[in-house]
Amino acid sequence: MVKLAPSILSADFARLGEAAKAAEEAGADLLHLDIMDGRFVPNLTFGPVVVRALAGATALPLSAHLMVVEPERLFERFVEAGAREICFHLEATPHPHRLLAQLRELGVRAGIAINPGTPVEALIDLLPEADAVLLMSVNPGFAGQAFIERTYDRLTRLNELRRRENPELTIAVDGGVTPENAPRLARLGADVLVAASSVYNHRAPVRDNLDRFRRALASQG
Ligand code: DX5
Ligand code: ZN
């Protein structure tokens, strides 16, 4: 079954602990934390201090998505704060191979994120060294953007590369994910679906929104 990873990016930032707890009680599988530095992406969010607080507020495994330059400078601090998986961007470093090894040495799952404009084939020699790929289906920086349709083709190609290079690898899709596109993403090989605005919004409580995902995945998955 595909895992659901709510991103608190569109939750109420004055109530992050409650948002994390709501996801946990609604049956989420992990919590996705969008870390932005105002340089790799235009936006700024939060850092290890907030991650540590969230680790105390929920039992969900925490996955940190680092949209930052020089991500390796922050690895240890996010590990100490309680992250179980750390994904840095391929585009943020000339040494992705080394950084994946560093994450594994730190005892967390080593993830690599890739922007919509970067060919998935650029990951080929990194896949054996990675535990997870975060395939961006929007340009990182903001919640609530439209899903980029070409992601379906990219996911198909990445799934094929995984078969050859590292069948243990987890593929997560991040950006514009909804109950409508979730089943197709699952069929094409996504193991984890990240969603902010389809989970945290004014339309319905988190539980109802996660139920919509599960119903959609059960009926077409
Ligand atoms: C985008 C972030 C995503 C974002 C997704 O920069 O990496 O995780 O929170 O938001 P939605 O699901 O609203 O597209
Ligand atoms: Zn993200």
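Here the structure is a predicted model, which is why all the values come from computation and not from measurement. Worth knowing before you read on, the calculation uses all heavy atoms, side chains too, and leaves out hydrogens, waters and symmetry mates. Whatever order the structure lists them in is the order used to number ligands and atoms, beginning at 1.
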So that I can tick it off, tell me whether Glu160 and Arg163 are bridged by a salt bridge, with the cut-off set at under 4.0 angstrom between side-chain N and carboxylate O.
yes
Does any N or O atom in Ser7 lie less than 3.5 angstrom from one in ligand 1, N or O only?
yes
So the atoms of ligand 1 within less than 4.0 Å of a heavy atom of Pro140 turn out to be 6 (O)
Under the criterion side chain to side chain contact (heavy atoms under 4.5 Å, CB included), I'd like the reasoning laid out for Leu217 against Met1: C-alpha separation, chi angles, the key distance, then a yes or no.
CA-CA 9 Å; Leu217 289 162; Met1 186 63 180; 4.0 Å; yes
Which part of Ser197 is near ligand 1, with near meaning a heavy atom under 4.0 Å away: side chain, backbone, both or neither?
both
Take atom CZ of Arg104 as the centre, draw a 6.0 Å sphere, and report whether it contains more than 12 heavy atoms from other residues, nucleotides or ligands.
yes
Note: ligand 1 atoms sitting under 4.0 Å from heavy atoms of Met36 are 6 (O)
Output the list of atoms in ligand 1 that are nearer than 4.0 Å to some heavy atom of Gly141, sorted by atom number.
1 (C), 6 (O)
Within 4.0 Å of some non-hydrogen atom of Ala195, the atoms of ligand 1 are 12 (O)
Sidechain N-carboxylate O distance under 4.0 Å for Lys21, Glu24
yes
Salt bridge check, Arg73 against Asp37: does any charged N sit closer than 4.0 Å to a carboxylate O?
no
With heavy-atom distances below 4.0 Å as the criterion, list the atoms of ligand 1 near Ala143.
10 (O), 13 (O)
How far is atom 10 (O) of ligand 1 from its nearest protein heavy atom, and which residue and atom name does that atom have?
Ala196 CB, 3.3 Å
Return yes if a side-chain donor-acceptor contact under 3.5 Å exists between Glu72 and Thr93, otherwise no.
no
Would you say ligand 1 has an N or O under 3.5 Å from any N or O of Val138?
no
Would Arg157 and Asp153 pass as an ion pair if we require N to O under 4.0 Å?
yes
For Met136 and ligand 1, does the shortest N/O to N/O distance drop below 3.5 Å?
no
Flag Gly144 as yes when one of its N or O atoms lies below 3.5 Å from any N or O atom of ligand 1, and as no otherwise.
yes
Got the closest protein heavy atom to atom 9 (O) of ligand 1, with its distance?
Asp34 OD2, 2.9 Å
Tell me whether His65 has at least one N, O or S atom under 2.8 Å from the Zn ion (ligand 2).
yes
Does an N or O from His65, backbone or side chain, lie closer than 3.5 Å to an N or O of ligand 1?
yes
Leu134 backbone acceptor or donor facing Asp174 side chain under 3.5 Å:
no
Tell me the protein heavy atom at minimum distance from atom 8 (O) of ligand 1, and give that distance in Å.
Asp174 OD1, 2.6 Å
Find all atoms of ligand 1 within a distance of less than 4.0 Å from any non-hydrogen atom belonging to Gly175, and give their numbers and elements.
14 (O)
Going by the order shown, which atoms of ligand 1 are within less than 4.0 Å of some heavy atom of Phe142?
1 (C), 6 (O)
